[in-house]
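Sequential numbering from 1 along the given sequence is applied to the chain's residues.
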Amino acid sequence: MFKRLFFAILLSFMFLSASAQDFRGVIMNRKQQPLKGMKVWRKNTTESIKTNKMGVFAFPGLLSTDTLVISISRKEEAVIPVKNLKEVSIKIEKKFFVLYDGQKEQKKEYKRIIRAAINSNILTREQILKLSASSIYDVLKGNIPGVMVYNGDNGQQVSIRGGNSLELDVEPLFVVDGIQYESSSAVDASVSVNDIEKIEVQKEGAGYGMKGSNGVIIITTLKK
């Protein structure tokens, strides 16, 4: 039944975009019912996609060295090295998942998610990648206590509760790899979310003088 369902659901790919799609799959539960809204992402990037109502997803542009990760719960994830795979079906069981590539079935255990100790003023690369964010505003919004993203006169802006300034429309100082930026828009235009290693928020920013009076957001990028 599992194998027959695999080939039947692959027919649904014909209704997806005709653009090149290197990796296609379908995710179902133990009763072989399609699972909608399952998040699949490319490991070590912010690239992600969710399954449609038929449990189907299509991920373009993958390399054989890439790895796909499926979020199962807050504690577990399914890890699938791409290698030579093109089309797969994935059956989610309670303690393991079954991967079928059209030729053979493989039973695989879930990988437990080991979370680093949480510092409420810091976002690590691991945490940032899980957000599937496309801008610095997506990263900051609701993910660090006291940091707010709002629509200002010049588009989206950032503020930190507890800053020393009484002017609510003044943004914090941004420091990216030691270089100072005085607006979030300048940072968003200069820094790719995919290149960020860590973000740290200093609500007072005393070490930066008057420039830090509204707080400081320190961004460290990956060294290339």
### Query
Which heavy atom of Lys50 sits nearest a heavy atom of Gly37, and at what distance?
CD-O, 3.9 Å
### Task
Calculate, to the nearest 0.5 Å, the distance between atoms CG and CD belonging to Asn121 and Gln202 respectively.
9.0 Å
### Message
I'd like to know if Asp138 pairs up with Lys141 as an ion pair, taking the criterion as any Lys NZ or Arg NE/NH1/NH2 lying under 4.0 Å from an Asp or Glu carboxylate oxygen.
### Response
no
### Task
Mind running side chain to side chain contact (heavy atoms under 4.5 Å, CB included) on Val175 and Tyr208 for me, showing each step along the way?
CA-CA 10 Å; Val175 180; Tyr208 293 88; 3.8 Å; yes
### Query
What's the spacing between Leu131 CG and Trp41 CH2 if we round to 0.5 Å?
11.0 Å
### Query
How far apart are the closest heavy atoms of Val193 and Ala133, and which atoms are they?
CG1-O, 3.8 Å
### Task
Look up atom CD1 in Ile199 and atom CD1 in Ile217, then write down how far apart they are to the nearest 0.5 Å.
7.5 Å
### Message
Quick check: do Leu68 and Phe59 have side-chain heavy atoms less than 4.5 Å from each other?
### Response
yes
### Query
Is there side-chain contact between Ile196 and Ile219, with at least one heavy-atom pair below 4.5 Å?
yes
### Query
Hey, is Glu77 close enough to Lys130 for a salt bridge, meaning N to O under 4.0 Å?
yes
#### Entry: Leu123 versus Asn143, closest heavy-atom pair with distance
CD2-O, 3.9 Å
### Query
Are Leu35 and Gln33 close enough that some pair of their side-chain heavy atoms sits under 4.5 Å apart?
no
### Query
When Thr67 is tested against each of Lys43, Lys83, Arg42 for side chain to side chain contact (heavy atoms under 4.5 Å, CB included), which residue passes?
Lys43
### Task
Check the pair Ser184 / Glu171 against side chain to side chain donor-acceptor pair (under 3.5 Å), numbers first and verdict last.
CA-CA 8 Å; Ser184 59; Glu171 291 195 298; 2.6 Å; yes
### Heavy-atom closest contact (Pro172 atom, Ile160 atom, distance)
CB-CD1, 3.7 Å
### Message
Applying the side-chain hydrogen bond (donor to acceptor under 3.5 Å, both in side chains) criterion to Thr221, which one of Asn194, Asp177, Asp195 satisfies it?
### Response
Asp177
### Summary
For Val79 and Phe97 the tightest heavy-atom approach is O-CZ, 3.8 Å
### Query
Would Val201 and Tyr181 show up in the same hydrophobic cluster when neighbours are defined by side-chain heavy atoms closer than 4.5 Å?
yes
### Message
A side-chain contact here means heavy atoms from C-beta on lying under 4.5 Å apart; do Lys211 and Glu182 qualify?
### Response
yes
### Query
Roughly how far apart are Ile122 CD1 and Lys198 NZ, rounded to 0.5 Å?
5.0 Å
### Task
Starting at CD1 of Ile72, measure out to CZ of Arg112 and round the result to the nearest 0.5 Å.
13.5 Å
### Query
Can you name the closest pair of heavy atoms from Ile92 and Tyr110 and give their distance?
CG2-OH, 3.2 Å
### Contact check, side chains of Ile90 and Phe57, non-hydrogen atoms, under 4.5 Å
yes
### Query
Salt-bridged, Arg30 to Glu93, with N to O below 4.0 Å?
yes
### Query
Distance from Glu76 atom CD to Ile70 atom CD1, nearest 0.5 Å?
13.0 Å
